[in-house]
Amino acid sequence: MSWLPNDYIISTDDKKFSYKGQFIEGGALEMLSLKMLKGSYKSLNDPQSIVLSRSMAEAFFGNEDPINKNLRIDSRMDVQVSGVYEDIPRNSQFGAVKFFAPWALFVASNPWVKNSEGDWDNTSFNGYVQLQPTTSAEEVNAAIRDLYKKNVPADFFKTIEKYNPFAQLVPMSRWHLYSEFQNGKPAGGRIMFVWLFGIVGIFVLLLACINFINLSTARSEKLAREVGVRKAVGSGKGQLISQFLSESFMTVFVSFAFSVILFSLLQGWFNELADKDIALPFGNPFFWAVVVGFLVVTGLLAGIYPALYLSSFQPVRVLKGVLRLDRFASLPRKVLVIVQFTVSVILIIGTVVVYQQVEFARNRPIGYDRSSLITVELNDPNYKGKEAVLRTELLNTGVVSEAAFSSSPLTAVWNATSGYEWPGKDPDMDTEFVICNVTLNYGKTIGLQFVAGRDFSTDIGSDSIESVIVNEAAVKYMNLKDPVGQELTDVDELGKPKWKKRIIGVVKDMLMESPYRQPRQTIYYYNENAPRLLHVKINSNESPAVALTKIKTVFDKIVPSALFDYKFVDQEYALKFSQEVRIGNLSGIFSILAIFISCLGLFGLASYVAEQRTKEIGIRKVMGASVSNLWKMLSKDFVVLVIISCFIAVPISYYLMNSWLQKYEYRTEISVWILLLTCIAAIFITLLTVSYQAIKAAMMNPVKSLRSE
């Protein structure tokens with residue numbers, strides 16, 4: 001049994017820090033195969049014990065032996081260090097957990113937990129299960145599927161039977177990448193990004209292979225005589241194929257060596273960009289197996305066509321100097337250039353759409369004012385009974401304009417419940433509302449925007465007993481035409497009324513969860529006895545550094561045992577965009593790489609074409625052709641290829657990005673201008689790439705190019 005990982009204030013007589021920890025039963029240490037540096041797998045058997053990570057032990061005790069040293073959790077649970085384990089790697093489900101404490105201590109310190117342990121309708125806890133080696137999760141799930149039905153009261157089960165609830169185990173290996181569920185089964189999640197960037201990476205590698213193929217076949221006339229001589233002196237086709245493939249493999253091997261060096265130099269920057277902690281696992285045999293596989297596949301992919309093409313030349317023809325490639329000889333190269341720029345344009349459009357979606361959600365109205373607003377979690381029991389004094393002292397500092405308490409943060413939902421009735425409700429309708437208990441001045445503190453009715457008031461004593469405030473989403477959800485004054489009834493699991501309250505106000509939807517989803521229907525209760533967080537509005541004309549110093553002084557004076565651990569609401573809100581921003585940044589880098597590699601190949605081909613047409617250019621100049629005419633002639637073919645790429649890429653990218661946007665409830669539309677401007681940019685980049693070689697060839701002195709004639 002376990003409680004979810006959470007932030008706790010850990011203190012000694014002279015030190016106080018905030019750490020993420022987890023209350024869990026003692027068997028977990030062995031179940032998770034922790035590397036114990038001190039103590040053993042039985043170190044959590046004592047209800048007053050605590051097991052620390054190495055880094056946390058060093059933060060508190062330095063080089064001293066931490067065993068049997070005393071600590072306090074949230075100023076209310078006294079524990080003794082009984083073990084130290086090696087820090088769990090960051091890429092683990094438990095990577096952020098810095099200590100484990102006994103489940104028995106959590107139960108003893110929270111009476112509601114003891115009352116809920118046998119409640120099968122309470123989903124607050126986690127259960128970790130280690131299976132026998134010969135047993136699969138599917139077998140266990142088949143056996144425990146109906147546990148829920150067997151353990152909840154029969155009359156209650158009748159009210160929820162239509163949902164077909166069942167119990168199941170989900171393998172830990174699927175928690176991170178398959179965190180989304182559909183019909184009770186893992187149906188996807190972050191695995192989508194693994195596939196996305198894996199496929200994009202393969203396409204970027206493919207672009208490089210295309211460059212190698214194009215430039216190798218473009219040099220065919222220069223290599224033709226070598227092939228003819230080698231065949232004339234006895235070389236077989238197989239030997240020539242081996243020679244050209246070996247050149248390809250050598251290029252790939254040297255490229256791999258450079259890539260390892262480059263990655264080592266850029267590793268810190270990449271990890272910061274991707275928010276990961278990735279290192280090349282040189283000691284892992286599987287890593288080298290994958291590397292060898294990629295080297296072989298890439299070498300063959302890049303080299304097999306040029307090898308077969310070049311080794312097929314007839315020695316009699318090439319040695320006579322009569323090698324003439326037919327008009328379709330350049331067709332494969334043109335097709336490959338189209339493929340290159342199709343991929344590049346798709347990546348560019350994808351990156352722009354990702355950024356547009358982020359900005360679209362970032363600029364949406366959020367229903368409150370998050371500027372100069374901080375939140376402090378009241379996780380020290382010594383706050384109890386001092387809330388009013390704390391608020392008064394904060395206002396007296398002169399740097400705080402308002403302060404109020406609530407049971408939920410502004411950027412997350414901590415509590416949702418069902419079982420409500422109201423006039424005109426469909427009897428078959430399933431209900432669920434987000435619940436938030438607030439104190440007076442909550443709306444004023446965070447800047448809630450009222451669209452109807454009023455806020456809670458001290459002048460009306462019945463507000464704390466008989467009144468609620470709802471958001472616009474709740475009004476729409478309940479289909480109320482005139483919500484102010486309507487009664488809302490809370491019923492228990494069996495449909496019996498518990499209380500009735502009257503709606504006194506309606507506020508604009510406050511964006512508490514994902515900025516890409518529609519806000520959920522929310523009910524605000526006036527409750528002075530349930531503060532879990534304090535929200536403080538700093539005066540806009542005050543320096544945050546000065547204001548925070550004065551605010552901290554108040555906290556230290558009134559609740560000296562507590563750690564003043566605050567969070568800026570606007571920073572917490574910004575974290576909601578972190579995943580999409582990372583996707584956009586990584587996509588942008590891939591796009592730059594793709595267009596750069598494609599332009600490198602184009603530059604090489606332009607150089608080859610200019611060289612092949614040197615005499616033609618000389619004759620045209622003698623006949624009066626201008627530099628601009630020659631530039632148009634040499635650039636036209638490449639621009640046509642890129643235009644064809646755009647016609648292919650636009651519908652593909654539109655389909656892919658439109659499908660990606662469908663997973664967001666609140667989403668932007670793909671503008672025609674994005675597609676059009678991306679294509680114009682691709683054409684412009686192409687012209688820049690080929691213009692150097694084209695202008696250089698057009699300005700060459702025709703006397704030099706025609707001298708042999």
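Residue indices begin at 1 and follow the sequence shown. Every value quoted in this text rests on a predicted model; they were computed, and no experiment measured them.
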State, yes or no, whether a side-chain contact exists between [X] and [Y] at a heavy-atom distance under 4.5 Å.
X    : Y    : answer
T686 : F341 : yes
K508 : F450 : no
Y368 : V569 : yes
V507 : V451 : no
N91  : D277 : no
L548 : I374 : yes
I523 : I469 : no
F125 : L4   : no

From [atom1] ([X]) to [atom2] ([Y]), nearest 0.5 Å:
X    : Y    : atom1 : atom2 : answer
D380 : S11  : CG    : OG    : 8.0 Å
L533 : S406 : CG    : OG    : 5.0 Å
S53  : K35  : OG    : NZ    : 14.0 Å
N437 : Y442 : CG    : OH    : 10.5 Å
C436 : R532 : SG    : CZ    : 10.5 Å
L301 : L206 : CG    : CG    : 6.0 Å

Determine yes or no for a side-chain-to-main-chain donor-acceptor pair under 3.5 angstrom, with [X] supplying the side chain and [Y] the backbone.
X    : Y    : value
R190 : H176 : yes
E542 : A547 : no
T298 : L295 : no
W175 : V170 : yes
S92  : I88  : no
R364 : P515 : yes
K576 : E513 : yes
D74  : I9   : yes
T439 : F405 : yes
N471 : R520 : yes

For the residue pair [X] and [Y], confirm or rule out a side-chain donor-acceptor distance under 3.5 Å.
X    : Y    : value
S344 : S598 : yes
S2   : Q22  : yes
N585 : Y355 : yes
T375 : H535 : yes
Q449 : D369 : no
D87  : S55  : yes
S591 : T351 : yes

Taking only Lys NZ, Arg NE, NH1 and NH2, and the carboxylate oxygens of Asp or Glu, determine whether [X] and [Y] approach each other closer than 4.0 Å.
X    : Y    : result
E86  : R54  : yes
D275 : R90  : yes
R370 : D570 : no
E377 : K567 : no

Is the number of heavy atoms from other residues, nucleotides or ligands under 6.0 Å of [X] [atom1] greater than 12?
X    : atom1 : value
E432 : CD    : yes
F568 : CZ    : yes
E272 : CD    : no
F203 : CZ    : no
F647 : CZ    : no
W288 : CH2   : yes
F287 : CZ    : yes
K663 : NZ    : yes

Fill in: Full working for side-chain contact (heavy atoms from CB on, under 4.5 Å) between N658 and I670
CA-CA 7 Å; N658 191 55; I670 301 176; 4.1 Å; yes
Item to complete: Show the numbers, then the answer: is there a ring-ring contact (aromatic ring centres under 6.0 Å, His included) between F256 and F294?
Response: CA-CA 10 Å; F256 170 72; F294 261 98; over 10 Å; no
Worksheet item: Parallel, tilted or perpendicular for W103 and F106, by the 30°/60° rule?
Response: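 Correct class here is tilted.
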Worksheet item: So, do Y566 and F564 have ring centers that fall under 6.0 Å from each other?
Response: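 Aromatic pair counts; centres sit under 6.0 Å.
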Discussion item. Please report whether the ring centroid of F433 lies less than 6.0 Å from that of Y420.
Written reply: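 Ring centroids of Y420 and F433 are less than 6.0 Å from each other.
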Fill in: Steps toward side-chain contact (heavy atoms from CB on, under 4.5 Å) verdict (M512, T411)
CA-CA 4 Å; M512 302 170 71; T411 55; over 6 Å; no
Practice prompt. Step by step, work out the side-chain contact (heavy atoms from CB on, under 4.5 Å) result for Y664 and Y666.
Written response: CA-CA 5 Å; Y664 299 108; Y666 190 84; 5.9 Å; no
Item to complete: Would you check, one step at a time, whether the test salt bridge (charged side-chain N to carboxylate O under 4.0 Å, His left out) holds for K444 with E402?
Response: CA-CA 7 Å; K444 186 178 177 182; E402 195 51 85; 3.8 Å; yes
Fill in: Cation-pi check, R362 onto F577 ring (under 6.0 Å, within 45° of axis)
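Here R362 passes the 6.0 Å and 45° test against F577.
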Worksheet item: Regarding R174 and the six-membered ring of Y178, is the cationic atom NZ or CZ under 6.0 Å from the ring centre and inside 45° of its axis?
Response: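 Judged by the rule (NZ or CZ under 6.0 Å from the ring centre, within 45° of its axis), R174 counts as positioned above Y178.
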Worksheet item: Which one of Y128, Y85, F23 satisfies the ring-ring contact (aromatic ring centres under 6.0 Å, His included) criterion with F100?
Response: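 Going through the options one by one, the only one that passes is Y85.
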Discussion item. As a quick check of understanding, evaluate side chain to side chain donor-acceptor pair (under 3.5 Å) for Q168 and Y148, giving each step before the final call.
Written reply: CA-CA 10 Å; Q168 66 169 321; Y148 191 82; over 6 Å; no
Fill in: Derivation and outcome, side-chain contact (heavy atoms from CB on, under 4.5 Å), residues T431 and Y477
CA-CA 9 Å; T431 63; Y477 181 75; 4.0 Å; yes
Discussion item. Against M657, only a single residue in Y655, W660, Y654 fulfils side-chain contact (heavy atoms from CB on, under 4.5 Å); can you say which?
Written reply: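 It is W660; the other options fail the test.
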Fill in: Distance-minimising heavy-atom pair for T668 and L661
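Of all heavy-atom pairs spanning T668 and L661, the closest is O-CD1, 3.7 Å.
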